[in-house]
Every structure is written in C-alpha cells, then in structure tokens.
Amino acid sequence: MTAALAVAAALAVALPAPAFAATEPTPTPTPSIAPGTTVFTLSPVSNGIVRPGDALTVWLSIQNGTDAELAPTEVTVSLGRTPLGSRNALRDWLGGDLGEAEVAPIATKPLDSVAPGTDEESALTLAADDPALAGLAPGVYPLAASYPSETGPVTSTSVVVVPDDSRAPVAVGIVVPITAGPREEGLLTSDELAELTAPDGALTSQLGAVTGTDAILAVDPAIPAAIRVLGTAAPQPALEWLSQLEALPNTRFALQFGDADVTAQLQSGLERPLAPTSFTYAMSPDDFTAATPSPEPTPTTSPTTSPSPTPTDGSALPSTDELLDIGPADRAAMYWPADGTADTGVVKTLGALDTDDTASLTVIPSATTRSGAAGGTVSARGLVGDADVLVYDSDVSQSLLEGSELEQTWLRGAPLTAATAYLAFATAESSGPLLVTVGRGEDRSRLGLGTAITAAAAAPGVEPRTLATLASADPVGVELTDVAASPERAAAASALVGDEGELGRFATILDDPSLLTGRERASMLQVLGVAWVGDAEWPTVLADHRDATRTTLGSVGLLPTTTTNLFGSRAPLQFWVRNDLPYPVNLVLYASPDNLRLDVQGETPIVATPQSNTRVDVPVQARVGRGEVTLTLQLRSPAFVAIGQPETVDINVWADWEGVGITALAVVIGGLVVVGVVRTVLRMRRRHRRADAAGAGEAAAEGDGAEGEGAEGEGPDGEGPNGEGPDGDTAEGDTAERDAADSSGVEEPGHEASGRPAGDDGGEK
C-alpha cells in the first residue's frame, strides 16, 4: 500500500513533466536567496524513497538572483550504485563533498533560460524498469545533478533511500512547537490574535498541521493566556482556536512563557527559570461575566430564554495557573533550551527542578552530545549525571525545519529527502526510541509544516509514539560536549532581572504592585524568547525594553520647584507631584530644612491621581528671625522606597518679627506703668502724711498768733485786705509754696512745715 502511494505521488508530479519541454514556463517569484547569486536544486519526489518497482522522479530548478538572464542549459542526473556507509558520509555528501561517493549519469534534462529575479523548474522521471534502478539493495544512495557554466560545473546533491521493510519499526517522537514568534510585549493583543487565528493565520496553520497526527505539542502558554485574559472580549476566531487546541488528543508540554531562553536565565545567576506572576493588569472584570437564569415570568412580562450576564468582581478573575493551562494530556517540568546552548551545568540544574513529584526532563540536541557530535545516533531517553534528558536528532530535525519553511514543492523535497536519509541511519543504529523536532520555525504554512511532520511520521522504519512512551523508556548515559556560553544573553538576562527588582520596589506605591510587576515579568520573558536568538534586531529590542522600564521608574516624581517667599509665621508650602501611571499611587513626601528658621511637617501622605499632577500642601511655621532656608524634598513609597530624585527649594523667610517686637515693647511699657503707679501711690501717701503734720502745726500757730494775724488784715477765710479770694495772687503764692515744700522730700525733725524763718539752711525753697 505504501509503495502504491509513493508511485502515485511520483506519477502525479511526473505527468506534467513533458509540458515543461513543450511550452514556455511562466516566470514565478524567486524565493529569498542572496542577491547576485544563483541556486541550483535537485529535489527528489516522495522524499527520495524508492522501493523495488518504484519510479524515481526529481525536480530540477534554477533560481536566478542576478540581474542577467541565464542561458538555456542541459542538466545531467547521476546515481551511485554503492550506498553511503555512514551518517558522516551522508552529511559530507549533502554538504557538497563529491569525493565521498562515485556516481554515474543516468538521465539528462534541458532547462530553458531563466530571466533575472525568476526561477525555472522542471521534473525528470526515471522509469521503474530503468536499469539504473534495478538491483538496488536497501540503503542510502548518492544522487547528483549538474550543468555546465562559465566558471565550471554547478552541482546539487541528494540521495535515494531504498528502505529495508523487513526491519522492525522504531518508536519516534515528533515535537512540534506551537508558538507566536518573537515578541516584545508580554501578551498578544486582540488584533494580533484575530490575525494569527484567522483562516490563513500562523497559529491556525500550526494547529491544522498537527491535527490528526501523533505529534508531541510544545505549547507556548503565552498564547492561551493572551486569549483567556480577554474573557468575553476575545476575538471569536481566537476562542475557537483555543477550543480546538484543548480538544486535540496529542500529548503536550508547556514551553517557558514566551518560549523564554532558560539557558540565559540560569547563566545570569538565577536558581531556576522565571515564571509569570500575575495577569491582573491585562484583565477587566467586565469581560468576565457569569450567566444567571432569567427571572420567572410574571403575568405582566413575557418569558425569555437569553441569559442575563452579571459582571463579576476582581475576586472572580481567573488565576494565573488557569490562564496558562495548555490543555489536557500535558506533562509538567519540561524544559527546552535554545538549540545547542545548554551545557552540563545548565542541564543538571534543570534536572533538579522537579514539579509536583514529576521528574523534570530537558530537551537537548544530539549535536551537543559526544556521540552525536561524532556522527553516532543517540537514543531519545538519556541521563546527564542524575538529570533526565530527551535527546532529539539534530540532523533530522534541522532538515525537517528547512523543509517546513519552504513553500515551493519543487524545493521542499530536498531537505525532506535529507531528513528521511538521516532517519534511515538513525533507525538502523538506534537501540531505543528516537526523538525529532520540526524546529522553532515561524510563519510556516499549514502545507509546509504538515508535510514536514508527515515526512518524519511516514519515514520507513518509523512508528510515531507519545511523550509518555519516550519518558518511560530506559535511559542511557549521555555525555555532553563543551558548549560555549553566550555572555551577551546572560548579561542581558541579568540586567533585566536587576531592572525588574528595581521596578518591584517602585511598585510598592500601588495598592496592587502586580499591576506593574506582572506586566514587566511577562514582557521580559518575551524579550528573552528563543525566537530572538541570532536575530540582528534583538539588541535594539532589549534596549527599547530597558528604556521603557526606566520610563516607568521615572513616571512619578516631584515637579521642579522655584524659590519661594514665606511671609507671616504660618503658611503651607505648595508642591506638585507628577503621576504618569494609569493608576493612583500612594506616596509620602519627606521634607527637611537645613536650619532652624522653619519648623516643617516632616511627613505628608499623598494619594496622587492617575495621569495628572497632584498638589501637596506642607504646613510650615517660621521661627523668630529672617533669612534663607533650603528645604530638601523626597518622595517615598509607604515601604520607604525612594521615588524619583530628591528636590531642593530655597525659601526666603520673612518671619512676623514686628509683632514679636511690639509685644516685647508692650511688656516693657506695661512694666513702667506699673512702676509709675506704685511710685505715685507711695508719693500720695507721703504727701498725706506731710499734710497731716502741717495741719497740726498750723493749728497751734494760729492759736498763738491769732491776734497778730488779725492786725495784718486777713479775713477769717484767708482773704487779703483787698478782698482777693482763694484764687487771688496771694493765695496762689501760698499754694505754690506748699507744693514746693511737698516736693522737697522728707521733713527734718523739729521743724514745721510752715512759718520757718526765711533764709534757714534747712528750709525748702
């Protein structure tokens, strides 16, 4: 049956062959080749498999990448009668080493001229009864095609595989990655998902290629997570794609999020690869609804069958594990480092990272094993020290990758024939199950990827098996070669981890720090994706990501300040906090003056509104004095993490010292008034004592000289002889004399207040 299918496929390709000679071919766009070069390809049909009784059909093609037309030529096809003896001989022959085997011409084929920028292809068929095919025993036979040119013969090499159907089939696992290619952001957007899961989208092609096969799926969990975080807002094609993925019976394992490079992470000093922390930043509660039954109809309402969506709160959002789930039949604790990067240290570290009592398995290429590097075949199940590994055949996998990325049937057969030939040697030499992959290609069509999977699954002597079968096989000891580390990627991973730590401290300003840290973790894992390895744009992507992180770290801070004049003893100082984040942030403003002219509130709590500037009032009180004060301002998170750069502001203090001076003067004046009052009271008391003493003396004098005084003409009321009253001059003189006596001080003993002889030294003047 298999032989019949192969013959049918060969005939299907061979039938149109005469048309190439009879008609002018229509130029077709040339696949991507180096400008200024030409590529000649010999591509067998049916992956080069020719059983006894089968015809041999090959494609011959010339791709012209020059600016000149290639002249018509005749191609000669040659076949060797002696099979290649080893995998190394096969590798050398396919690499163009014509000294590895002897071949003899078996057919010729003319090719028309090739216009610049186009290609020319034609099919050649060798009949099943051709003597060149007769008597070929099982093996891998060298095949070549050549044509003359001005610089010498141009040759392309391939092989013919004659299978040994009597040998028992070998179990082979075929790993197919389900990835979205290199990315910078943590999650695919809705528009990107709609494009990738459209009928002609890359993810649709990948899923279609593995449907109905026994391929082992290596799924990037970032893809289902990107669909699930959108909830009901996810594009319908993406939801259908996810349902199809979950429904597939294929065994599978999860890659790192974003297919992040585990080697770079471990070589940067991490003890284990990083994993996503939170996707809260990407989810909206409104997109996650719970269907609730409609209320029972009442006589005034009509019944309805449509459910009423009820928004859920944040607690009903799916967990991180639910978002990352890749479907049933998965195996935990699987790691697939970038091809050829994991050395013994990395493998042993990964081997110790068991998950849920499941021993870890690390997928590595045979080219990094000593046996594989020497050209030997390495069984799938192995041990590196105590670390369990799955070893995939590098030669077969590289050929499958090349075949899966080609759109042209007349080119795809060349690498797929090489894969079949390498598998022929592997199945003949292996003592256990084998593992192959189709590589981490991108933008592969469903036909290209599906054909590569089929080439491995339908190769002679192969029987596809599941991941569980390979993992349960008896392991054999494997020794790794010295693998050169990539200091650039390790340094990049270390820098990203450092930036993440700084952002984690900064995120303490949020009620939910994961709104920042979750986004950062997802994005940095994407930047470390294996798809970026060897990409010339990756340094720019890395720099852009780090710049974006620094922008986030600088999104909150104090606006620049200017010199401030402070009048009065109390007044709040006003500052502004800039918040460019889409979330409110919690801050504390710490203020400290450089001298004692100001008393400043040291801590001022702030809740800065999203994407705006928030005013902050800091109460201050001026002390006595006038001068300049420099105030140092620093924002900190509630966890005391410095946010932004400190700011300084010069404040000219004009304290209310006049009021203080007036108060002091009032106290002095008040004191003087009190002293004056006391002295006045004392003086009045002395005056009364003198007055009392003077009154007693006058009374005695009046009694003794009443007669004399009457002769002088004084009236009984002290009026003068001319009738002056008490307000007359005489009365005024007496009064003034008494006042002068009162103010003179203490009286001397033995003297009276009045009636002293004039000119007495002790008298008062």
Side-chain angles (χ1 to χ4, degrees), residues 41-44 47-50 78-104 136-146 155-164 167 170 172 339-341 364-382 384 389-403 413-439 452 455-456 459-462 476-484:
T41 304
L42 167 62
S43 180
N47 303 333
I49 302 172
V50 177
S78 302
L79 177 66
R81 300 288 300 180
T82 303
L84 296 170
S86 67
R87 182 194 289 256
N88 284 339
L90 171 63
R91 186 183 297 128
D92 293 340
W93 173 256
L94 295 176
D97 186 356
L98 301 181
E100 278 294 331
E102 294 183 1
V103 294
L136 292 179
V140 177
Y141 293 86
L143 182 69
S146 62
T155 303
S156 176
T157 57
S158 187
V159 293
V160 170
V161 179
V162 179
D164 184 1
R167 193 171 57 235
V170 176
V172 174
D339 294 348
T341 63
I364 60 174
S366 62
T368 60
T369 68
R370 295 201 179 278
S371 177
T377 296
V378 184
S379 298
R381 189 69 171 85
V384 177
V389 295
L390 286 179
V391 184
Y392 61 89
D393 192 294
S394 298
D395 293 325
V396 177
S397 299
Q398 180 61 33
S399 299
L400 292 175
L401 170 62
E402 294 173 4
L416 296 186
T417 296
T420 303
Y422 282 122
L423 268 173
F425 281 106
T427 54
E429 299 169 354
S430 176
S431 59
L434 298 173
L435 180 67
V436 299
T437 80
V438 294
V462 164
V476 296
V478 175
E479 186 177 356
L480 300 185
T481 59
D482 295 331
V483 177

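Counting from 1, the numbers follow the sequence of the chain as shown.
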Is the closest side-chain heavy-atom distance between [X] and [Y] below 4.5 Å?
X	Y	answer
Leu480	Thr369	yes
Leu400	Tyr422	no
Pro142	Thr157	no
Pro44	Val160	no
Val436	Ser397	yes

If you look at every heavy atom in [X] and [Y], which pair is closest and at what distance?
X	Y	result
Pro163	Val161	CD-O, 3.4 Å
Ser399	Leu416	O-CD2, 4.4 Å
Ala424	Val140	CB-CG2, 4.0 Å
Glu429	Gly376	OE1-C, 4.4 Å
Thr420	Pro460	CG2-CD, 3.9 Å

**Study point:** Counterpart residues, side-chain contact (heavy atoms from CB on, under 4.5 Å), relative to Pro138 (two or more places apart)
**Key:**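 Residues passing side-chain contact (heavy atoms from CB on, under 4.5 Å) with Pro138: Asp164.
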Practice item. Take Thr377 and Leu434, measure what side chain to side chain contact (heavy atoms under 4.5 Å, CB included) needs, and give me the verdict at the end. Key: CA-CA 9 Å; Thr377 296; Leu434 298 173; 3.9 Å; yes
Taking the side chain from [X] and the backbone from [Y], do they hold a donor-acceptor pair closer than 3.5 Å?
X	Y	result
Ser379	Arg381	no
Trp93	Ser158	yes
Thr481	Thr368	yes
Ser146	Thr155	no

How long is the straight-line distance from [atom2] of [Y] back to [atom1] of [X], given to the nearest 0.5 Å?
X	Y	atom1	atom2	answer
Tyr141	Thr82	OH	OG1	8.0 Å
Ser78	Glu102	OG	CD	12.0 Å
Leu94	Leu84	CG	CG	8.0 Å

Practice item. Give every residue pair that meets the salt bridge (Lys or Arg N to Asp or Glu O under 4.0 Å) criterion with at least one member in residues 389-401, sequence neighbours excluded. Key: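 Passing the test, one end in residues 389-401: Arg87-Asp393, Arg87-Asp395, Arg91-Asp395.
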Point to revise | Side-chain H-bond candidate by donor/acceptor type, Ser366 with Ser394, under 3.5 Å | key: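 The criterion, which ignores hydrogens and geometry beyond distance, is satisfied for Ser394 and Ser366.
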